[in-house]
Amino acid sequence: MQGRDPKRKIFLIATEESGDRLGSALMKVLRQRLGDGVQFEGVGGRTMAREGLETLFPIEELSIVGFAAVVQQLPKILRLIRETADAVLEAVPDALVIIDSPDFTHRVARRVRARNPAIPIVDYVSPQLWAWRPGRARTMLGYVDHVLGLLPFEPEEYRKLGGPPCSYVGHPLIEQLGSLRPNAEEQKRRNSEPPVLLVLPGSRRSEIRHHIEVFGAALGRLQAEGRAFELMLPTMPHLEATVREGIASWPVKPQIVIGEAEKRAAFRIAHAALAKSGTVTLELALSGIPMVTAYRVGAIEAFILRRAIRVSSVILANLVIGEDVIPEFLQEDCTPEKLASALSEVLTDSDMRRRQVEAFACLDTIMSTGNKAPSVLAADIVLATMRKGTG
């Protein structure tokens, strides 16, 4: 094994932008540790390319949203799974690191494990098996050697569910607190009148379409009740047209801010937020912004999720805090009346607002990884797993 090539070969697979950023940070640390003695192969986006990865295919080929689109593209998806697994088997890497996107990466990992069980496999970002489909933990035991969890409660979930070893390495957001939290001047704006209210309808077109109308009606209702606020809607360039089309009929017009830096600047002065549930709730909580959350999906998806979900809250920040401090309005509860009423509370010095602020103050301790960055902890485990595999 050791005579074949002095370089350690690591194969990474990331098919979404968030995974691409994690993969890039991991590659950087692995290169610091191994110097010229490491070679990377795999699938990734622009930031992994900057670290020297030549991707097997552009990850944009997998940016498919919606059930109908997936069905239409199924032959192509299955072909890319086969080709990626074949590339791993041909490379015979010292470790395979699959990053998020479990619908794609886990299928590749299962094929690799079936045909060459000697290749160690590390899964960076746990699937949400603590929320639904808990049986996946035992299944993963068959093809994953170690899971790198972004959330502090995940290692215990894997132990309870009989899955592979899981280590908490930390969420990338904990390395970005400086850009999320206000300086003295921004804090002054956060506390002044009229309060800045953020509205975050989603990071995908389908999510925006599900939430934009009800969010607009809730904000109109809030304004009609005489509540003063300055409205800001952060979004990304590729979603701007969808957002502008959606807010055209809103009775109260937001200031649209575009791009990650502008979004963070808005977070630093915001007093409260109305957000679609997801990672953004953790981002808001770490920024210290009390919020009201909502989630709407199509009828078929709602029917499936209702029967599958096994957690008391779908709000990521609530799950990390271990207490349901953030109100959530799901499906038929997601109405303009209910959203406006809850927003009225988080905009004022209410018990709900105070409870959220107190809970958010504990997050730094809950999510701490000591003095090591998530990418460093992740690299440590990849190297340990790789050494075991190459013995």
Side-chain angles (χ1 to χ4, degrees), residues 173 177-202 208 211-235 243 246-247 250-294 315 317-318 321 325-329 334-363:
L173 283 173
L177 298 178
S179 69
L180 283 168
R181 292 179 178 169
N183 60 27
E185 199 177 318
E186 289 163 335
Q187 186 65 47
K188 203 185 289 179
R189 177 63 193 97
R190 185 179 269 196
N191 295 336
S192 62
E193 297 291 334
V196 173
L197 175 62
L198 296 182
V199 58
L200 299 141
I208 292 165
H211 299 104
I212 203 120
E213 193 180 323
V214 68
F215 280 15
L219 295 163
R221 201 176 176 91
L222 204 59
Q223 190 183 52
E225 288 166 6
R227 180 78 55 202
F229 54 88
E230 184 185 325
L231 196 60
M232 296 181 89
L233 195 162
T235 192
V243 164
I247 65 159
W250 278 18
V252 48
K253 293 290 187 279
Q255 178 192 341
I256 295 173
V257 295
I258 295 158
E260 194 62 34
E262 291 294 316
K263 178 182 115 175
R264 294 290 169 92
F267 271 47
R268 293 194 298 272
I269 60 169
H271 187 75
L274 169 60
K276 185 234 81 167
S277 85
T279 306
V280 76
T281 65
L282 193 54
E283 218 171 341
L284 289 164
L286 285 165
S287 186
I289 304 168
M291 72 196 90
V292 172
T293 61
I315 305 305
N318 279 345
I321 292 162
V325 294
I326 300 161
E328 54 194 311
F329 298 92
C334 180
T335 65
E337 298 76 22
K338 288 182 178 179
L339 293 178
S341 170
L343 278 170
S344 208
E345 283 195 67
V346 292
L347 281 166
T348 54
D349 186 25
S350 64
D351 285 346
M352 182 203 284
R353 181 180 175 85
R354 282 194 296 271
R355 200 167 155 232
Q356 288 193 40
V357 170
E358 281 167 25
F360 298 165
C362 303
L363 278 171

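Being a predicted model, the structure only gives us computed values, none of them experimental.
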Asks: Taking the side chain as C-beta and beyond, is there a heavy-atom pair between Glu328 and Asn318 under 4.5 Å?
Replies: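 Touching, per the 4.5 Å side-chain cut-off.
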
Asks: Do NZ/NE/NH1/NH2 and the carboxylate oxygens of Glu260 and Arg264 come within less than 4.0 Å?
Replies: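 Looking at Glu260 and Arg264, the cut-off is met.
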
Asks: Distance-only, no hydrogens or angles: does the Gln356 side chain make a donor-acceptor pair with backbone N or O of Ile289 under 3.5 Å?
Replies: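 Not a single qualifying donor-acceptor pair exists.
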
Asks: Does the pair Val346 and Leu274 meet the rule for a side chain to side chain contact (heavy atoms under 4.5 Å, CB included), with working shown?
Replies: CA-CA 10 Å; Val346 292; Leu274 169 60; over 6 Å; no

Asks: Heavy atoms only: give me the nearest Phe215-Leu200 pair and the separation to one decimal.
Replies: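 Closest approach of Phe215 to Leu200, heavy atoms only: CE2-O, 3.7 Å.
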
Asks: Taking CD in Glu337 as the centre, count heavy atoms belonging to other residues, nucleotides or ligands within less than 6.0 Å. Is the count above 12?
Replies: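 Counting neighbours around CD of Glu337, more than 12 heavy atoms of other residues, nucleotides or ligands fall under 6.0 Å, so yes.
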
Asks: Please round to the nearest 0.5 Å and tell me the distance separating atom CZ of Arg355 and atom CD1 of Ile326.
Replies: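 Arg355 CZ to Ile326 CD1: 10.0 Å, rounded to 0.5 Å.
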
Asks: State, to 0.1 Å, how close Leu231 and Val252 come at their nearest heavy-atom pair, and which atoms those are.
Replies: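 Answer, listing the atom of Leu231 first, then Val252: CD2-O, 4.1 Å.
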
Asks: Measure across Val357 and Pro290 and return the closest heavy-atom pair with its distance rounded to 0.1 Å.
Replies: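 The answer is CG2-CG, 3.7 Å.
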
Asks: Would you please test Leu198 and Leu233 for side chain to side chain contact (heavy atoms under 4.5 Å, CB included) and show each step?
Replies: CA-CA 6 Å; Leu198 296 182; Leu233 195 162; over 6 Å; no

Asks: Within a strict 4.5 Å, meaning less than it, do heavy atoms of the Met352 and Pro327 side chains meet?
Replies: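 A side-chain contact exists here, since the closest heavy-atom pair is under 4.5 Å.
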
Asks: Say whether, by atom type as modelled, one donor and one acceptor occur between the side chain of Thr235 and the main chain of Ile258 under 3.5 angstrom.
Replies: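 No, Thr235 side chain to Ile258 backbone: no donor-acceptor pair under 3.5 Å.
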
Asks: For the pair Glu345 and Arg353, evaluate salt bridge (Lys or Arg N to Asp or Glu O under 4.0 Å) and give the outcome as yes or no after the intermediate values.
Replies: CA-CA 7 Å; Glu345 283 195 67; Arg353 181 180 175 85; over 6 Å; no

Asks: If you take all heavy atoms of Ala317 and Thr281, which pair is closest and at what distance?
Replies: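 Nearest pair, atom of Ala317 first, then Thr281: N-OG1, 3.4 Å.
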
Asks: Measuring from atom CD1 of Ile315 to atom OG1 of Thr293, what distance do you get when rounded to the nearest 0.5 angstrom?
Replies: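 OG1 of Thr293 is found 3.0 Å from CD1 of Ile315.
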
Asks: Between His271 (side chain) and Arg190 (backbone), is there a donor-acceptor pair under 3.5 Å?
Replies: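 Yes; judged by distance alone, with no hydrogens or angles, the pair exists.
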
Asks: Determine, stepwise, if the pair Leu339 / Leu222 fulfils side chain to side chain contact (heavy atoms under 4.5 Å, CB included).
Replies: CA-CA 9 Å; Leu339 293 178; Leu222 204 59; over 6 Å; no

Asks: Distance alone, cut at 3.5 Å: any donor-acceptor contact between the side chains of Arg227 and Ser344?
Replies: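 Judged by distance alone, the side chains do pair up.
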
Asks: A quick test of your reading: do over 12 heavy atoms of other residues, nucleotides or ligands sit less than 6.0 Å from NZ of Lys253?
Replies: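 More than 12 within 6.0 Å, yes.
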
Asks: I'd like to know if the side chain of Ser341 reaches the main chain of Lys338, judged simply by a donor and an acceptor atom lying under 3.5 Å from each other, with no hydrogens or angles considered.
Replies: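 No, the answer is negative, given that no donor and acceptor are paired below the 3.5 Å cut-off.
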
Asks: Give a yes or no on whether the backbone of Ile269 and the side-chain of Arg189 come within a donor-acceptor separation of less than 3.5 Å.
Replies: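 No, because the side chain of Arg189 does not come within donor-acceptor range (under 3.5 Å) of the backbone of Ile269.
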
Asks: Quick check for you: to the nearest 0.5 Å, what is the distance between Thr335 atom OG1 and Phe329 atom CZ?
Replies: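 That separation rounds to 7.5 Å.
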
Asks: Minimum heavy-atom separation for Ala285 and Phe360, please, with both atom names.
Replies: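 Where Ala285 meets Phe360 most closely, the heavy atoms are O-CB, 3.4 Å.
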
Asks: Is there a donor-acceptor contact under 3.5 Å from the side chain of Gln223 to the main chain of Gly220?
Replies: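 Side chain of Gln223 to backbone of Gly220, a donor-acceptor pair under 3.5 Å: no, none is there.
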
Asks: Rounded to the nearest 0.5 Å, how far does CG of Leu284 lie from CG of Leu180?
Replies: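 Rounded to the nearest 0.5 Å, the CG-CG separation comes to 9.0 Å.
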
Asks: Say you draw a straight line from OG of Ser277 to CE of Met291; how long is it, rounded to the nearest 0.5 Å?
Replies: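 These two atoms lie 11.0 Å from each other.
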
Asks: How many angstroms lie between CD in Glu358 and CD1 in Ile321, if you round to the nearest 0.5 Å?
Replies: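 Answer rounded to 0.5 Å: 11.5 Å.
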
Asks: Locate the shortest heavy-atom distance separating Thr279 from Leu173; write the atom from each residue and the value.
Replies: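 Closest approach of Thr279 to Leu173: CG2-CD1, 4.3 Å.
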
Asks: I'd like to know if Lys263 pairs up with Glu283 as an ion pair, taking the criterion as any Lys NZ or Arg NE/NH1/NH2 lying under 4.0 Å from an Asp or Glu carboxylate oxygen.
Replies: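 A salt bridge is present here (some side-chain N lies under 4.0 Å from a carboxylate O).
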
Asks: Would Glu186 and Arg181 satisfy side chain to side chain contact (heavy atoms under 4.5 Å, CB included), going step by step from the backbone distance to the final call?
Replies: CA-CA 9 Å; Glu186 289 163 335; Arg181 292 179 178 169; over 6 Å; no

Asks: Using only atom types and a distance under 3.5 Å, with no angle test, would you say the side chain of Trp250 pairs donor to acceptor with the backbone of Leu219?
Replies: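 Looks like no, no N/O pair under 3.5 Å.
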
